[in-house]
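What follows is a short report on a single structure.
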Amino acid sequence: MSAGPTREPLDPVRFISNYSTGYMGAQLAAEALARGHRVTVVCGPLSEPLPATAHVVRVEQAEEMERALRRRAKRADVVIMAAAVSDFRPTRWAIRKLPRRNRLRLELTATPDIISRLPRHPRQVVVGFALETGRVAARAQQKLRAKRLDLLLAQHANGGGAPFGRRPVRAWLLSRDGTVTRLGSISKSRASSVLLDKIEVLCYGQHRRAASSQQPAVSDDPYLLLAASC
Ligand code: C5P
């Protein structure tokens, strides 16, 4: 899984980034570990701690995050892309600190859409996140299809700081079969639990907790790759 923002450098002391803290990723990692999954978190610079038992790979820029996920994606049963990847990076990087001036024109280039380009295997479950203003579910539905996701957790961005950090979010869970579940205002820890229930149903046909008490799951050693954020 992936977590946190990326930082796209402008010069040796400045960068473009976003308000992501990594809290959603930390909650997801904690919930997945508590359920017995192996978890690798590829994360940008976080302001929230990750569980001590997660395997953590730290990166800074979107391109580094892509390389780190690419190396691990093939082996993962589940890829959760919760990182708030910067959609743009400065086209040019200044070797020396840019001097103060009245006006500075920046040219930005799109970063690679990581989740769409990761190598996959047929039984893998791929999960994305989306922050939307306006018609959240409709926009999220388009992203689910365009990025070929199995699940997408969409959150409403209201411009007042939400959905970043520890506050509850207004969320919707979308599935590849077209189901849209309105979760309403929900804590990130509860949203992690709902999401992992759904992931386990897709992976094993039932929740892992239920599976372990009744019959063996498909994989005894599930491996979850998380790119986390929010
Ligand atoms: O930014 P956007 O709304 O398109 O993000 C939707 C999903 O795509 C998220 O899961 C995000 O982590 C992922 N993403 C990505 N690479 C990018 C931008 C977003 O994998 N460059």
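Numbers here are sequence positions counted from 1. Atoms within a ligand are numbered from 1 in the order they appear, just like the ligands themselves.
With respect to His55, the side chain to side chain contact (heavy atoms under 4.5 Å, CB included) criterion is satisfied by exactly one of Val42, Val41, Thr40, Leu50: Thr40. If you run side chain to side chain contact (heavy atoms under 4.5 Å, CB included) between Val127 and each of Asp150, Leu151, Val79, only Leu151 comes through.
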task = Applying side chain to side chain donor-acceptor pair (under 3.5 Å), run through Glu8 and Thr6 and close with a yes or a no.
result = CA-CA 7 Å; Glu8 310 301 329; Thr6 62; 2.8 Å; yes
request  = Quick one: do Thr91 and Thr109 satisfy side chain to side chain donor-acceptor pair (under 3.5 Å)? Show the steps, please.
outcome  = CA-CA 5 Å; Thr91 305; Thr109 301; 2.6 Å; yes
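Between Ala82 and ligand 1, a contact under 3.5 Å exists for no N or O pair. Polar contact check, Leu131 against ligand 1: no nitrogen or oxygen pair lies under 3.5 Å apart. Considering backbone and side-chain N/O of Ile114, one or more are found under 3.5 Å from N/O of ligand 1. Backbone and side-chain nitrogen or oxygen atoms of Phe129 are examined, and one is located within less than 3.5 angstrom of a nitrogen or oxygen of ligand 1.
Among Lys147, Met65, Arg89, the residue whose heavy atom sits closest to atom 8 (O) of ligand 1 is Lys147. Taking all heavy atoms of Asp87, Val126, Leu152 into account, the minimum distance to atom 1 (O) of ligand 1 is reached by Asp87.
Of all atoms in ligand 1, listed by their number and element, those nearer than 4.0 Å to a heavy atom of Ile115 are 8 (O), 15 (C), 20 (O). Set against the non-hydrogen atoms of Asp113, the atoms of ligand 1 under 4.0 Å away are 14 (N), 15 (C), 16 (N), 17 (C), 18 (C), 19 (C), 20 (O), 21 (N). Residue Thr111 approaches ligand 1 through these ligand atoms, each under 4.0 Å from one of its heavy atoms: 21 (N). If you number the atoms of ligand 1 from 1 as listed, the ones under 4.0 Å from a heavy atom of Gly128 come out as 10 (O). Numbered from 1 in the order shown, with element, the atoms of ligand 1 that lie under 4.0 Å from a heavy atom of Ala83 read 11 (C), 12 (O).
A distance of 11.5 Å separates CD in Gln142 from CG in Leu152, rounded to the nearest 0.5 Å.
Using a 4.5 Å cut-off between side-chain heavy atoms of Ile, Leu, Val, Met, Phe, Trp and Tyr, with links allowed through other members, Val85 and Phe15 fall into different hydrophobic clusters.
For Pro112, the closest heavy-atom approach to ligand 1 falls below 4.0 Å.
Counting only N and O atoms by type, the side chains of Glu31 and Ser192 include no donor and acceptor under 3.5 Å apart.
Comment: Arg96 does not engage Asp11 in a salt bridge, judged by the lack of any side-chain N to carboxylate O separation of less than 4.0 angstrom.
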